[in-house]
Amino acid sequence: MKLRKKKVLLFLLALFLLYAIWLSFNILRFKTYKAPALKSSPLEIEGVYHIHTTYSDGRKSLDEIAKLASQANIDFIILTDHGNPNHESYSSQGWKEGVLVLAGSELSVSRGHLVALDFELPSGRFSLNTEDAFYEIKAGGGFSIIAHPYSKTQWSWGKFMEYSGIEIINGDTALKKNIIASLPSLPALLIKPEYAFLKMLDSPHRNLRKWDELNNLHPIYGYFSLDAHLLYRPALNLLRLHLLLQSPLSEDFDTAKHQVYEALRKGRFYNSIHAAAHAHGFRFSGEEEEKTVLMGSTVILDSPVPLNIEAPFPFAKDIHLVHNGKMIFRSAEDSISYEAAHPGTYRVEVYLTERSPLGKNIPWIISNPIFLREDDK
Ligand SMILES: [Zn+2]
Ligand SMILES: [Zn+2]
């Protein structure tokens with residue numbers, strides 16, 4: 001009997017050792033792909049959207065978070081503390097540790113959570129009714145984004161306003177939802193948390209389907225949202241927004257704030273899963289009368305429009321051009337041109353095909369769309 005117990009214990013110990021070796025091996029060979037030879041452009045800046053601080057239910061203060069953002073080479077962060085609006089967070093905006101700190105608010109409204117950005121402070125509180133809040137934000141010069149439509153406080157659809165954006169990945173959701181499924185990788189949180197985070201992300205296809213559907217109604221832009229409340233150091237390296245500016249980011253706060261919000265309002269940005277690979281240098285553009293138009297633009301379609309994709313990365317990838325939600329063209333080349341002859345919404349997804357803890361069904365890069373519209377005059 002004793003011998004049998006000993007055998008079981010030895011077997012379990014061997015199993016545990018095998019698991020520990022397997023995990024260590026995977027963690028040790030994990031690397032974030034980088035393209036060191038690429039020259040970084042001052043017209044492309046990187047930031048993180050949807051961060052909670054101690055102004056609401058986040059675990060770290062803005063000063064601590066700004067320091068971590070600076071160490072992670074982030075140009076800007078967008079705070080979204082809870083509140084209708086959150087005054088403390090709003091008045092904390094400025095340059096901190098060389099990082100541009102902008103603050104919107106995450107409003108709790110009748111349909112779910114709505115993020116308001118670039119608004120003037122209202123005299124009282126924003127309404128709890130979604131449509132009223134939408135108009136109040138707009139009247140104060142701001143714009144709004146639907147937060148985590150299919151998780152946490154799910155969004156209830158219905159009357160659809162011209163929201164500027166929708167979250168297509170929400171980091172907090174992925175980490176909470178997949179914690180059990182990712183149990184075998186969780187010890188990595190102590191050694192290489194980025195590895196564990198990448199393992200926990202799941203396919204955003206439900207959000208993407210909805211986003212494509214909404215784009216049939218009017219242009220709406222897609223956001224990778226961190227929704228960080230804790231573990232900020234690794235979290236700040238998980239997801240990035242890449243904005244394309246028309247001039248390098250100003251040192252003057254008001255000008256810089258305007259540059260960032262203008263790029264977001266016009267959809268001149270793409271999203272990346274930064275912990276998997278650095279995406280700086282990706283471009284998706286179109287040509288209209290021999291002029292280059294960037295993501296977010298609407299182009300009148302009177303003859304086929306060349307759409308150009310630049311993905312100058314030295315690691316293997318699979319680039320999908322998506323038209324009205326359907327993949328119509330794919331390539332592994334660094335530079336692609338496609339003649340688009342049909343009206344609708346065109347956007348790009350890039351999948352990493354190198355070995356990575358990131359699931360093969362999760363796009364590493366998601367661009368904002370270019371809209372081709374027939375001239376209806
Ligand atoms: Zn929320
Ligand atoms: Zn949030």
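These numbers come from a predicted model, not from an experiment.
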Would you confirm whether Ser105, through its side chain, and Leu107, through its main-chain N or O, come within 3.5 Å as a donor-acceptor pair?
no

Go through the steps for Arg240 and Ile74 under the test side chain to side chain contact (heavy atoms under 4.5 Å, CB included), then give the verdict.
CA-CA 9 Å; Arg240 292 280 161 89; Ile74 292 170; 3.4 Å; yes

Taking Pro248's backbone N and O only, do any of them form a donor-acceptor pair with Gln259's side chain (distance below 3.5 Å, no angle check)?
yes

Value for OH (Tyr49) from CG (Leu241), rounded to nearest 0.5 Å, stands at 9.0 Å

Should the pair Tyr338 and Tyr346 be assigned to parallel (<30°), tilted (30 to 60°) or perpendicular (>60°) ring geometry?
tilted

On the six-membered ring of Trp155, is Lys210 placed so that its NZ or CZ lies under 6.0 angstrom from the centre and within 45° of the ring axis?
no

For Tyr163 and Phe134, take the angle between the two ring planes, folded into 0 to 90°, and tell me which bin it lands in: parallel under 30, tilted 30 to 60, perpendicular over 60.
perpendicular

Please test His320 against Glu349 for side-chain hydrogen bond (donor to acceptor under 3.5 Å, both in side chains), starting from the C-alpha separation and ending with a verdict.
CA-CA 5 Å; His320 293 191; Glu349 293 173 1; 4.5 Å; no

How far does CZ of Arg268 sit from OG of Ser297, to the nearest 0.5 angstrom?
8.0 Å

Just checking Gln154: does its CD atom have more than 12 heavy atoms from other residues, nucleotides or ligands closer to it than 6.0 angstrom?
yes

Between His280 and Phe313, the two heavy atoms sitting closest are O-CE2, 3.4 Å

Check: Leu226 main-chain N/O paired with Asn170 side-chain donor or acceptor under 3.5 Å
no

For His50, run the side chain to side chain contact (heavy atoms under 4.5 Å, CB included) check against Ile77, Ile78, Val115 and tell me which one passes.
Val115

Please determine whether side chain to side chain contact (heavy atoms under 4.5 Å, CB included) holds for the pair Leu294 and Ile370, giving the CA-CA distance in whole Å, both sets of side-chain angles, and the decisive distance to 0.1 Å.
CA-CA 7 Å; Leu294 297 177; Ile370 292 177; over 6 Å; no

Any idea how His229 and His52 line up, ring-wise: parallel (<30°), tilted (30 to 60°), or perpendicular (>60°)?
parallel

Parallel, tilted or perpendicular, as decided by the 30° and 60° cut-offs, for the rings of Tyr19 and Phe16
tilted

Quick one, Asn308 with Ser337, criterion side-chain hydrogen bond (donor to acceptor under 3.5 Å, both in side chains). Give me CA distance, side-chain angles, the key distance, then yes/no.
CA-CA 5 Å; Asn308 303 316; Ser337 194; 2.7 Å; yes

Can you check whether His148's main-chain N or O pairs, donor with acceptor, with Glu167's side chain at less than 3.5 Å?
yes

If I compare all heavy atoms of Leu201 with all of Ala174, which pair ends up nearest, and what's the gap?
CD2-CB, 3.8 Å

Are there over 12 heavy-atom neighbours, none belonging to His87, within less than 6.0 Å of that residue's NE2?
yes

If only side-chain N and O atoms count, and only distance matters, is there a donor-acceptor pair under 3.5 Å linking Glu44 with Tyr270?
yes

Checking side chain to side chain contact (heavy atoms under 4.5 Å, CB included) between Arg347 and each of Asn215, Leu307, Asn324, Ile366, which is the one that passes?
Ile366

On a heavy-atom basis, which atom in Pro304 and which in Glu339 lie closest, and how many Å separate them?
CB-OE1, 3.6 Å

Which pair of heavy atoms, one from Ser127 and one from Val109, lies closest together, and at what distance?
O-CG1, 3.8 Å

Distance, nearest 0.5 Å, that separates CD1 of Ile146 from OG of Ser144:
8.0 Å

Does atom NZ of Lys60 have more than 12 heavy-atom neighbours from other groups under 6.0 Å away?
no

Just by distance, with hydrogens left out, do Ser89 and Asn86 show a side-chain donor and acceptor under 3.5 Å apart?
no

Can you label the angle between the His82 ring and the His113 ring as parallel, tilted or perpendicular, going by 30° and 60°?
perpendicular

Reported CG-to-NZ distance for the pair Asp172 and Lys152, which is rounded to 0.5 angstrom
3.5 Å

Mark yes or no: Arg265 above the aromatic ring of Phe143, with NZ or CZ under 6.0 Å from the six-membered ring centre and no more than 45 degrees from the axis.
no

Going by atom types only, do Ser110 and Asn129 share a side-chain donor-acceptor pair under 3.5 Å?
no

Name the residue from Phe315, Phe282, Tyr351, Phe224 that meets the ring pair (Phe, Tyr, Trp, His ring centres under 6.0 Å) definition with Trp364.
Phe315

Aromatic centroids of His323 and Phe329 separated by under 6.0 Å
no

Whether Asp227 side chain and Ile51 backbone form a donor-acceptor pair below 3.5 Å
no

Under the side-chain hydrogen bond (donor to acceptor under 3.5 Å, both in side chains) criterion, do Ser61 and Thr54 qualify, and how do the steps go?
CA-CA 5 Å; Ser61 70; Thr54 44; 5.2 Å; no

Would you kindly say whether Glu97 and Ser70 are connected by a side-chain donor-acceptor distance under 3.5 Å?
no

From CA spacing to verdict: side chain to side chain contact (heavy atoms under 4.5 Å, CB included), Ile169, Ile273:
CA-CA 10 Å; Ile169 284 186; Ile273 301 178; 4.2 Å; yes

Checking the side chain of Tyr90 only, and the main-chain atoms of Phe119 only, is there a donor and an acceptor separated by less than 3.5 Å?
yes

side-chain hydrogen bond (donor to acceptor under 3.5 Å, both in side chains) for Glu106 and Thr80? Distances and angles first, verdict last.
CA-CA 5 Å; Glu106 184 170 9; Thr80 52; 4.5 Å; no

